[in-house]
Structure formats: structure tokens, C-alpha cells
Amino acid sequence: MTDQRNDMGGAAADAAQQATDRIRASGQHMMESGQTISTKILDQVEANTQEAFAAMRAAAQAKDLSQVMQIQSDFLRSQGQRSMEQAREIGQLIMQFGRAAVSPGSGNGSND
């Protein structure tokens with residue numbers, strides 16, 4: 001009877017250790033995922049800022065109001081397209097990290 005209790009206790013301890021290891025790995029993966037998303041967002045903000053300054057420079061050099069309006073229209077159209085693409089990229093990253101988080105034995109999941 002004592003051997004059976006020791007075996008059950010050892011199995012419970014092993015299961016608890018495995019659960020702890022999985023939780024630790026999941027936490028690490030979440031932290032890395034958050035850093036990846038944050039870096040991607042910062043890259044997007046930087047690109048958007050550069051595009052905005054380029055449009056402002058072009059508008060400042062415009063010869064007349066019609067050129068300014070055309071520059072503004074082009075900028076707004078391209079910014080709209082950029083925004084949709086950037087939202088899609090972030091959404092894909094979030095889905096990728098979400099799938100990796102819920103997949104059994106997913107490891108780090110960053111090789112999708």
C-alpha cells in the first residue's frame with residue numbers, strides 16, 4: 001500500500017512539474033509574441049511617419065493648390081491601403097501566436 005502511495009505521489013509530482021514547465025514555456029512564448037507584435041507596430045508607425053513627412057515635403061514644394069490637393073489625395077489613398085495591410089499583418093501575427101498557444105506540444109510556434 002505504501003509503494004502504491006509513493007507511486008501515486010511521484011506521478012502527481014511529475015504531472016505538476018510538467019504542468020509548471022508548460023506554463024513557464026507558455027508565458028515565455030506570450031512575452032516573445034508581445035515583443036514581436038510591438039516591434040511590428042513600431043516599424044509600421046515609423047513607415048507611416050516617413051510617408052507623412054514625404055507628403056508634407058511634396059506639398060510644401062507644390063506650385064499651386066491643385067498639386068497640393070493631388071498630393072493629399074494620393075497620400076490619403078496610399079495611407080488607407082497601408083493601414084489595411086498593416087492591420088492584416090498584425091491580425092495574422094495575433095492568429096499565429098494564438099494558434100501556437102493553444103496547440104498541444106506547440107513549443108515556441110514561431111516556425112509557422
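Note that the coordinates shown come from a computational prediction; the quantities given were computed from them, not determined experimentally.
More than 12 non-hydrogen atoms from other residues, nucleotides or ligands lie less than 6.0 angstrom from CE of Met56.
The side chain to side chain contact (heavy atoms under 4.5 Å, CB included) test applied to Leu76 returns Gln72, not counting sequence neighbours.
In the hydrophobic clustering of ILVMFWY residues, with side-chain heavy atoms under 4.5 Å counting as a link, Met95 and Ile90 come out apart. In the hydrophobic clustering of this structure, Val45 groups with Leu93; members are Ile, Leu, Val, Met, Phe, Trp, Tyr whose side-chain heavy atoms approach within less than 4.5 Å, directly or through other members.
The backbone N or O of Met69 sits nowhere less than 3.5 Å from a side-chain atom of Ser73 that would complete a donor-acceptor pair.
Looking at every heavy atom in both residues, Phe75 comes nearest to Ala55 through CD1-CB, 3.7 Å. When all heavy atoms of Ala62 and Ile71 are compared, the closest pair comes out as CB-CD1, 4.3 Å.
Classification of Glu85 and Arg88 as a salt-bridged pair holds, one side-chain N sitting under 4.0 Å from a carboxylate O.
Sorted by first and then second residue, the pairs that involve residues 57-74 and meet salt bridge (Lys or Arg N to Asp or Glu O under 4.0 Å), not counting sequence neighbours, are Asp74-Arg77. Note on residues 36-45: pairs passing side chain to side chain donor-acceptor pair (under 3.5 Å), not counting sequence neighbours, are Gln44-Glu89.
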